[in-house]
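The block underneath contains the structure these notes are about, expressed in structure tokens.
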Amino acid sequence: EGQLVESGGGVVQPGGSLTLSCATSGFTFTKFAMSWVRQAPGKGMEWITGINSRGDSAYYADSVKGRVAISRDVDKSTLHLQMDSLHSEDTAMYYCAAAQSFRFFKEFLFNYWGEGTQVTVSS
């Protein structure tokens with residue numbers, strides 16, 4: 001019954017910034033590690049970042065390291081993704097997902113998925 005709703009996607013120019021949000025409900029937010037996954041046109045799913053249940057450890061894929069920051073707002077049960085220095089390769093559908101442990105991120109073993117929000121980087 002867990003629900004995740006992403007928002008904040010849109011069109012941005014190369015080098016620009018964007019902040020995505022993921023509102024959650026139907027499960028205990030603080031007991032789940034959270035992650036962002038994306039899928040570019042014609043490509044497979046790519047894990048890009050995740051954060052543990054306590055919010056004190058974050059993990060990033062090499063493709064986005066240094067350009068994005070993941071965070072979670074416990075009071076609002078909401079996950080965020082701050083993205084900077086965006087380029088065309090970042091164009092994708094972005095999904096947030098909840099897992100029982102950060103150890104499951106790269107195996108895509110998520111309990112709940114959102115419907116996604118589109119990010120398009122274009123000049």
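Using modelled atom types, one finds no donor on one side chain facing an acceptor on the other under 3.5 Å when comparing T78 with D73. Judged purely by distance below 3.5 Å, without hydrogens or angles, the side chains of Q3 and T24 never pair a donor atom with an acceptor atom.
Put simply, V11 and V121 are part of two different groups of oily side chains (I, L, V, M, F, W, Y) that touch within less than 4.5 Å, one to the next. Taking hydrophobic clusters as Ile, Leu, Val, Met, Phe, Trp and Tyr residues chained together by side-chain heavy-atom distances below 4.5 Å, L20 shares a cluster with Y60. Both M93 and M45 are assigned to one and the same hydrophobic cluster, defined by single-linkage of ILVMFWY side chains at heavy-atom distances under 4.5 Å. I51 and Y112 fall within the same hydrophobic cluster, defined by Ile, Leu, Val, Met, Phe, Trp and Tyr side-chain heavy atoms under 4.5 Å apart, directly or through other members.
How far CH2 of W47 is from OG of S63: 9.0 Å, rounded to the nearest 0.5 Å. Rounding to the nearest 0.5 angstrom, the gap separating the CG atom in L4 from the OG atom in S21 is 12.5 Å. Here CD of E115 is found 11.0 Å from SG of C22. Values are rounded to the nearest 0.5 Å.
Remark: the backbone N or O of C96 is paired with a side-chain donor or acceptor of E6 at under 3.5 angstrom. Not a single donor-acceptor pair under 3.5 Å links the side chain of T28 to the backbone N or O of T30. The main-chain N or O of N52 is never found under 3.5 Å from a side-chain atom of S57 such that the two would form a donor-acceptor pair. Looking only at distances, a side-chain donor or acceptor of T117 sits under 3.5 Å from a matching main-chain atom of G9.
A 4.5 Å side-chain heavy-atom check between W36 and L79 finds at least one atom pair inside the cut-off. The side-chain heavy atoms of K31 and S53, taken from C-beta on, include no pair separated by under 4.5 Å. Between F102 and M34, the closest side-chain pair of non-hydrogen atoms is not below 4.5 Å.
Ring geometry, Y59 versus F105: the interplanar angle exceeds 60°, so the pair is classed perpendicular (tilted spans 30 to 60°). Between F108 and W113, the angle of the ring planes stays under 30°, which puts this pair in the parallel group of the 30/60° scheme.
Nearest heavy atoms, G2 versus F27: CA-CD2, 3.7 Å. Closest approach of R72 to A33, counting heavy atoms only: NH1-CA, 4.0 Å. L109 and A99 get closest at one heavy-atom pair: O-CB, 3.7 Å. In terms of heavy-atom proximity, S17 sits nearest to S85 at OG-N, 4.5 Å.
Taking the six-membered ring wherever Trp is involved, the centroid distance between the rings of F104 and F110 does not fall below 6.0 Å.
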Handout entry: Chi angles and distances behind the side-chain contact (heavy atoms from CB on, under 4.5 Å) call for L18, Q82
Key = CA-CA 6 Å; L18 205 61; Q82 175 66 48; over 6 Å; no
Practice task
List the steps, then state whether side chain to side chain donor-acceptor pair (under 3.5 Å) holds for S71 with H80.
Solution key: CA-CA 5 Å; S71 62; H80 299 284; 5.5 Å; no
Handout entry: Worked verdict on Q13 versus S122 for side-chain contact (heavy atoms from CB on, under 4.5 Å)
Key = CA-CA 5 Å; Q13 294 186 328; S122 176; over 6 Å; no
Practice task
Any chance you could lay out the side-chain contact (heavy atoms from CB on, under 4.5 Å) test for T91 and E89, step after step, and finish with the verdict?
Solution key: CA-CA 5 Å; T91 295; E89 289 78 9; over 6 Å; no
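Other residues, nucleotides and ligands contribute only 12 or fewer heavy atoms inside 6.0 Å of the CG atom of D62. Within 6.0 Å of CD in Q118 there are more than 12 heavy atoms belonging to other residues, nucleotides or ligands.
With V68 as the partner, the side-chain contact (heavy atoms from CB on, under 4.5 Å) test is satisfied by one option alone out of L81, D84, L86: L81. Partner of M83 under the side-chain contact (heavy atoms from CB on, under 4.5 Å) criterion, chosen from V64, I70, V119, T49: V119.
Taking the centre and axis of the six-membered ring of Y95, the NZ or CZ atom of R38 falls outside the cone set by 45° and 6.0 Å.
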